[in-house]
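Please read the structure below before turning to the comments.
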Amino acid sequence: MAMTGSDVRDRSRPMTAEEKKVILASSAGTIFEWYDFYLYGSLAAIIGAQFFTPFPEATRNVFALLAFAAGFIVRPFGALVFGMLGDLIGRKYTFLMTILIMGLSTFIVGLLPNYFSWGIAAPIILIVLRMAQGLALGGEYGGAAVYVAEHAPANQRGYFTAFIQTTATLGLLLSLVVILSVQGYVNGAYPDQPVLDAAGAATFNADGTPAMMKAFNAWGWRIPFLGSILLLLVSLYIRLQMNESPAFKKMKEEGSASKAPLREAFGQWKNAKIALIALLGLTAGQAVVWYSGQFYALFFMQNVIKVDSFSANVFVAWSLILGTWGFIFFGSLSDRIGRKPIILAGCLIAAITYFPVFKFLTATANPALHAAQQVPVVVTADPADCSFQFNPVGTAKFNNSCDIVKATLSKSSVNSTTVEAPAGTVATVKVGETEVVAYDAAKNAAAIADAKAALAEVSKGIDAAALTALTDAEKAVAAAKAAVGTAQKALTAAEAGTDDAAKAAAQAAVDSATAAVAPLQATLDTARMAVPADILAKYDEAAAVVAKESGVKAAFEKALNDALGAAGYPLVADKNTTVAKAQNFIDIFTAQKLTIIATLTYLILLVTMVYGPIAAMLVELFPTRIRYSGLSLPYHIGNGWFGGLLPATAFAISAQSGNIYAGLWYAIVVAVMTVVIGAIFVPGGTHKKDIFADTGK
């Protein structure tokens with residue numbers, strides 16, 4: 001479709017069918033690209049368990065979120081590279097490059113072996129792939145925003161670019177729908193699998209029952225990544241049908257294109273100043289509100305207030321369905337009253353309401369946890385003993401007694417206060433009226449080593465053959481008694497059900513395991529008789545010290561878990577009958593579930609306020625010749641750094657402070673900063689601007 005200069009400038013006329021088709025194609029392709037990018041965000045906790053297994057749980061969660069954020073950290077660099085290409089060679093061909101990089105990176109994540117198979121190489125490759133996705137996305141958004149804005153009527157730029165703004169949320173929604181569908185099928189068709197630690201050994205819940213995970217968590221999560229190859233093919237086809245932007249073609253025909261868009265956009269203060277104001281006065285606040293309302297809300301439900309991942313995804317998906325209309329509404333509203341007041345109002349309302357909203361979400365979604373949090377928990381510790389436990393690379397060791405207490409409390413989403421103790425004091429935690437003394441992991445490790453050395457010294461007085469027989473018999477008896485304990489726990493679980501056959505099988509397993517102990521104990525008694533009595537007494541004494549020191553960690557954790565359990569903390573998710581749970585996608589029609597969805601929808605509406613008008617606003621701030629480069633960098637620094645790092649930063653702040661809501665301060669402070677800077681420096685009335693007349697020369 002040929003366009004004259006007057007056609008390009010006169011955008012008050014209605015859009016043609018061809019122009020609408022182009023914008024629809026642009027939006028559809030962008031949805032697929034966001035789908036690829038958000039698959040990881042939706043599955044961050046599950047992928048973290050697969051690729052960051054050797055790290056402590058708190059560190060693993062932070063590391064998993066940073067792998068998600070890695071895709072955001074590099075986005076400004078993608079904005080620079082692809083923004084430059086978009087201003088030099090055009091919008092269409094840049095689109096083709098970004099979708100190809102994104103799609104292939106996503107597909108490879110689905111093929112990537114986990115930590116158990118490839119060791120440290122697996123998480124490194126994962127983060128490299130996330131960075132490739134971030135580079136691609138860094139070039140995607142600016143091109144889409146510019147492309148649509150340059151096709152839209154002048155008095156409807158906010159309305160039409162709002163469709164591009166919906167693509168991020170619709171991409172997230174698409175990823176959630178695919179995940180829920182695959183998750184429901186895989187978990188229904190395949191049995192649960194045991195949770196293993198870094199050494200490949202089975203792990204146990206707080207009450208001693210074996211920890212199990214769904215088949216989707218073990219391997220089914222790969223299917224949505226592998227299936228993205230189909231979306232890649234569709235997206236490539238759509239992008240190949242697109243026409244070049246009329247504004248870019250006009251600029252090329254007139255010879256007014258920039259020869260060095262990056263130098264012109266950021267090397268000249270008149271343009272660099274606009275980028276800085278756009279970053280601090282618009283996109284930084286928009287970013288933290290966006291990621292708080294979508295990703296941190298999802299992470300908060302899954303990992304902090306312990307709603308299972310399937311149910312959390314269902315609730316967020318419904319909130320996205322109900323709230324997505326807000327993008328179009330606020331985009332259209334900005335065509336009438338301006339972009340600036342809507343964006344800044346969204347940031348301000350978010351800053352004011354986040355604390356009560358997230359507290360209400362906890363009380364609604366997990367009443368048992370909320371009730372338990374009313375029991376006072378006080379940590380008494382030497383301040384020098386309390387480290388800031390932000391450990392993204394998993395190399396630091398938090399062995400101090402205060403660190404151990406806070407990490408354990410954070411794992412159970414306990415709100416606590418810290419009281420200063422004299423220097424050198426071993427940390428204690430008081431849950432209600434029950435006090436538990438912690439331990440220093442480094443000192444305990446040294447004590448275990450000393451005890452084992454003392455035992456080895458005593459063992460030198462025992463004949464080698466007799467010592468071998470004794471230690472082998474001890475190990476056999478210990479293993480047999482552990483098998484009895486496991487069988488008894490399985491019997492307890494079976495007796496809670498109604499399957500008589502399962503009860504009989506569990507009882508038979510207990511009887512068999514118990515019967516195996518007696519002959520092994522007899523062998524041990526015989527081995528002990530072969531050792532002189534005086535040496536055997538010293539051996540037993542040294543072995544008891546080893547057992548005592550080796551059991552310090554388990555004893556502390558049991559004592560603390562018992563205290564938390566007595567205070568009402570739901571330590572085993574399957575036994576918490578108060579937590580919200582959806583059996584399927586339409587299982588939402590109870591007061592509790594509808595209230596959760598309404599709360600999440602409110603957070604999504606705040607997202608639509610700040611995000612709906614932002615594309616049109618950014619397009620209007622920069623001249624055509626450097627528009628792609630100019631708007632891409634502040635947008636992706638805001639969303640890539642301020643927004644992308646929000647989940648990891650908020651989680652670390654909450655873990656350190658002992659308050660599950662403390663991480664919200666990050667979003668609140670950034671949002672308030674944007675309100676202040678935006679109110680003073682961001683120009684108003686940009687919705688009335690002629691974006692074709694401003695060449696930037």
Using atom types as modelled and distance alone, determine if a side-chain donor or acceptor of N576 lies under 3.5 Å from a backbone N or O of P570.
no
Are F355 and Y661 close enough, and set up right, to give a ring pair (Phe, Tyr, Trp, His ring centres under 6.0 Å), and what steps lead you there?
CA-CA 7 Å; F355 273 117; Y661 307 107; 7.3 Å; no
Could you tell me whether the side chain of D308 and the main chain of K581 form a donor-acceptor pair under 3.5 Å?
no
Side chains of Q133 and T106: is there a donor and an acceptor less than 3.5 Å apart?
yes
Would you check if S413 and K306 make a side-chain contact, meaning some heavy-atom pair closer than 4.5 Å?
yes
Test item: T417 side-chain N/O and V378 main-chain N/O as donor-acceptor pair under 3.5 Å
no
With the side chain counted from C-beta on, respond yes when E474 and L470 share a heavy-atom pair under 4.5 Å apart, and no when they do not.
yes
Would you call I179 and L39 a side-chain contact if the rule is heavy atoms closer than 4.5 Å?
yes
Quick one: does F315's side chain get under 4.5 Å of F310's, heavy atoms only?
no
Checking the side chain of Q50 only, and the main-chain atoms of N217 only, is there a donor and an acceptor separated by less than 3.5 Å?
yes
Without swapping roles, check the side chain of S117 against the backbone of P113 for a donor-acceptor pair under 3.5 Å.
no
Do R222 and N114 touch side chain to side chain, with heavy atoms closer than 4.5 Å?
yes
May I ask you to decide if S309's main-chain N or O and N313's side chain share a donor-acceptor pair within less than 3.5 Å?
yes
Whether over 12 other heavy atoms sit under 6.0 Å from W219 CH2
yes
Within a strict 4.5 Å, meaning less than it, do heavy atoms of the V531 and Y539 side chains meet?
no
Residue Q193 excluded, over 12 heavy atoms near CD under 6.0 Å:
yes
Residue pairs meeting side chain to side chain donor-acceptor pair (under 3.5 Å), one or both in residues 421-446, sequence neighbours left out, come to N444-E549
Does any N or O in the side chain of K553 come within less than 3.5 Å of the main-chain N or O of S550, such that one atom is a donor and the other an acceptor?
no
Decide, yes or no, whether a salt bridge links E457 with K460 under the criterion of side-chain N to carboxylate O below 4.0 Å.
yes
Between S311 and V307 (side chain of the first, backbone of the second, donor and acceptor by atom type, cut-off under 3.5 Å), is there such a pair?
no
Look at the side chain of S657 and the backbone N and O of S654, then say whether any donor-acceptor pair between them is shorter than 3.5 Å.
yes
Residues which pass salt bridge (Lys or Arg N to Asp or Glu O under 4.0 Å) with D540, listed by chain and number, not counting sequence neighbours
R528
Using a 3.5 Å distance criterion without hydrogens, assess whether the side chain of T364 forms a donor-acceptor pair with backbone atoms of L361.
no
Hey, are the side chains of W221 and Q183 touching, using non-hydrogen atoms and a 4.5 Å cut-off?
no
Taking only Lys NZ, Arg NE, NH1 and NH2, and the carboxylate oxygens of Asp or Glu, determine whether D534 and K538 approach each other closer than 4.0 Å.
no
Student check: side-chain heavy atoms of L560 and L409 closer than 4.5 Å
yes
Aromatic ring pairing Y296/F358, orientation class (parallel under 30°, perpendicular over 60°, tilted between):
tilted
